Amino acid sequence: MSLVTFKDVVKKYDSTITVNHLTFDIGEGEIFGLLGPNGAGKSTSIHMLSGLLPLSGGEITVGGHSIRKQPLEVKRLIGLVPQELAIYDMLTAWENVSFFAKLYGLRGKLLKERVEESLQFVGLLERAKDKPSTFSGGMKRRLNIACAITHRPKLIIMDEPTVGIDPQSRNHILDSVRELNRLGSAIIYTSHYMEEVDAICSRIGIVDKGKLIACGSKEQLRQQVGQEERIIFEVDQAHQAAAKEMGEHPAVKQIDEQDGQRRLEVTVKDSPSVLQDLLFILQKHGISLRQLTRVEPNLESLFLQLTGRSLRDE
Amino acid sequence: MRTWWITLTYEWIKMSRMHALLVVLAALPLLLIYLLGSAFDSEIKPAKVAVYNADQGAMREGVDAFWQGADILPYVRPAVLSSEARVREAVQGGTADYGVIIPADYSDKLAAGESVSWHTFDGHDGRKNIAAHSIVRSYLSQVNMKAAAFKVLGPESLSGLESRHTDAAALVKVQTLGGGSDQSFGSISAIQYYSVAYLVMFLQYGGMTGAISLLRQKREGTLQRLYGIPASFSAVVAGIISGAALLGVMQTIIIIVFTKYVYGVDWGGAYWGIALISLLTIIAGSGLALTIASFANTVKTMQTLFNTMLFSMTFVSGGMIAMIQNKLGLISKLNINFWANAALRGLMDGSSRVLVWQNIGILAAIAAVLAIFAIIRLPKVVKQHA
């Protein structure tokens, strides 16, 4: 059952279209990754979903409520973790969390319990009385998350929650995302870090220039790339004839020569069967192999294939 | 209502922890009022005079009556002590501004027709020394004159010598040379004048903190997060602005109570009127700050523009150079400060109610116009993509 539906959603600023007829849905209990380079339209889509921006066209519903007609009902179901550190330096961690929790209607004993639970969840309960100005970047990011989860939302939107933090804090946040999902919340996770999305998301939508260019499970997306793989041969001597013969193999799509033919990057289909042939060619020409690397297809290569650009191109 | 209250409460908690801001908003106006008020004030507070009368003779009663006389109270406040040592102690310790010892042979000398003098001790405040010394010297001049008359003309001339007091106001008139006459500040004193000017100026700074908070929260993303909560965003924004307004109310109370009880400023007693004028000034200041914030992209730009406007308004309304507003004519009247100052000073000096209400009315009109501007421009201040 769909928790979130985007139907033909458009966002325009004057004549510029930043979100271009976006259509997809997200089921309950899913971790949905929204992947795309900077300026692709991820944050704009998230802002429209959370009621921060009006739609120029189309419709978004959350839990059956329209963001246009029932914005308060939609907002009640959502916990937003913004990209910015939207916390107050002059308030303690406890006060930060309880401030937002009170605005979501929590009070009394329940408020105290939930604030404690949220701080415990992000590992900051022992620092509850400290101000964020004394926190590391990772701790601030975790507090940013705590402020969004006290009211136990059905949908948690995390807009690039790991920007600018150390690997340890990043791992802590990724674990938190999995745990929140296990506890029953659907998650929308935007990032331009392909590895993060690959690691935690059950389904992924790839956006570029405001359009959804691919959407599905990781396996489905990999199938879109096909069985293409890259094999990197590093050899002891340059040999033009060997490189030419490898390039003429019917399963080889492309061959890139580097370092004066001492490094050959070969893009192939069905690598297991081809690899044997290519190794035979090298042997035939008396070339010794120093290193062999096989690169499996991933989301990065899918994005590259679909757009001709890297995910982190600015 | 609950959203407004929660936002206001937390805004207040945040502001109460900005110690530098609180010092600027509360202590700085008090310091400026003290410095300018005392530098230009021609009135001197009565000197506390420690007196020990060692004389037990016939003239003692007359001397005591002199020190208890009402006509010297505007200039000196005598305190009779039990010994010379205590008088010295009081002056050295600063509990008295001036010390006077009436010697034990005072009556005898007078009875013998000799010239008399008292032992005096100067304190730390030169102006109060001059005031107290003038009182003592003038009194003794008259006594000695009469003693001389007694010696020449006989005992009849002594009758009533110590019982008649001279007019103290005629005895002493002390003024600072640089401050000019009382007329420089109209019908009120310098400290009253500057208390009003800086109350009005700093109340508007209080109003500015609301606009700064909104711009800062917009930049830091907390305002956007608040927009995402399932409650009225207007109530959130109103809570933030009200927090700053509450700061202005606290400022008013601190400045008025402190200046009244520590500096002795007479605010005229019409405290509801003062509260109304302060509230209108806060509204006008907030409206101006929010309007400026809607055109400024950063907190720094907003502060620079607002400070420039506020200093200009304070200057042309005579907040820095007394009564310059009389020379500037119409230009001095085209601002918040002029009408707030005029209304408050009117309450202080007991001007006609019609005049005071006229000034309050114009201030209210300015506040209303600025508030309407601010409401129209508010989306530009609070929304990311307005």
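Order of the sequence lines fixes the chain letters, A, B, ..., with proteins taken first and strands second; residue numbering starts at 1 for each chain. Source: prediction; values computed, not measured.
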Correct closest heavy-atom pair for B:T222 and A:I87 would be CG2-N, 3.5 Å
The interface call for B:M15 against chain A, heavy-atom contacts under 4.5 Å, is neither
Applied to residues 31-47 of chain A, the salt bridge (Lys or Arg N to Asp or Glu O under 4.0 Å) test, sequence neighbours excluded, yields A:K42-A:E160
In terms of heavy-atom contacts, B:G221 and A:A86 come closest through O-CB, 3.5 Å
Which of B:I6, B:T7, B:T3 passes side chain to side chain contact (heavy atoms under 4.5 Å, CB included) with A:K102? Answer is B:I6
Review point. Quick check: are there more than 12 heavy atoms from other residues, nucleotides or ligands sitting under 6.0 Å from CZ of B:F373?
Key: no
Here the pair of heavy atoms bringing B:Y227 nearest to A:G51 is CE2-O, 3.2 Å
Note: A:L72 and B:A231 closest approach over all heavy atoms is CD2-N, 3.8 Å
Check: Just wondering, more than 12 heavy atoms not from B:F311 lying within 6.0 Å of its CZ?
Finding: no
Ordered numerically, the heavy-atom neighbours of chain B under 4.5 Å found in residues 107-118 of chain A are A:R107
**Asked** Does NZ in A:K211 sit with more than 12 non-hydrogen atoms of other residues, nucleotides or ligands closer than 6.0 Å?
**Response** no
Bottom line for A:L91: the part with an atom under 4.5 Å from chain B's heavy atoms is both
Rounded to the nearest 0.5 Å, the CG atom of B:L226 sits from the CZ atom of A:F99 at a distance of 5.0 Å
When you look at NZ of B:K14, are more than 12 heavy atoms from neighbouring residues, nucleotides or ligands closer to it than 6.0 Å? yes
Cut-off 4.5 Å, heavy atoms of chain B, and the answer for A:S98 is both
Around atom CE of B:M250, are there more than 12 heavy atoms from other residues, nucleotides or ligands closer than 6.0 Å? no
Whatever's closer than 4.5 Å to a heavy atom in chain A on B:R2 counts as side chain
Applying a strict 4.5 Å limit to non-hydrogen atoms, the region of A:D89 in contact with chain B is neither
Mind checking whether B:Q217 and A:Y88 have side chains closer than 4.5 Å, heavy atoms only?
yes
(request) Kindly say whether A:N144 contributes a backbone atom to a donor-acceptor pair with the side chain of B:R225 at under 3.5 angstrom? (result) yes
When the 4.5 angstrom heavy-atom criterion is applied to A:E95 and chain B, the contacting part is both
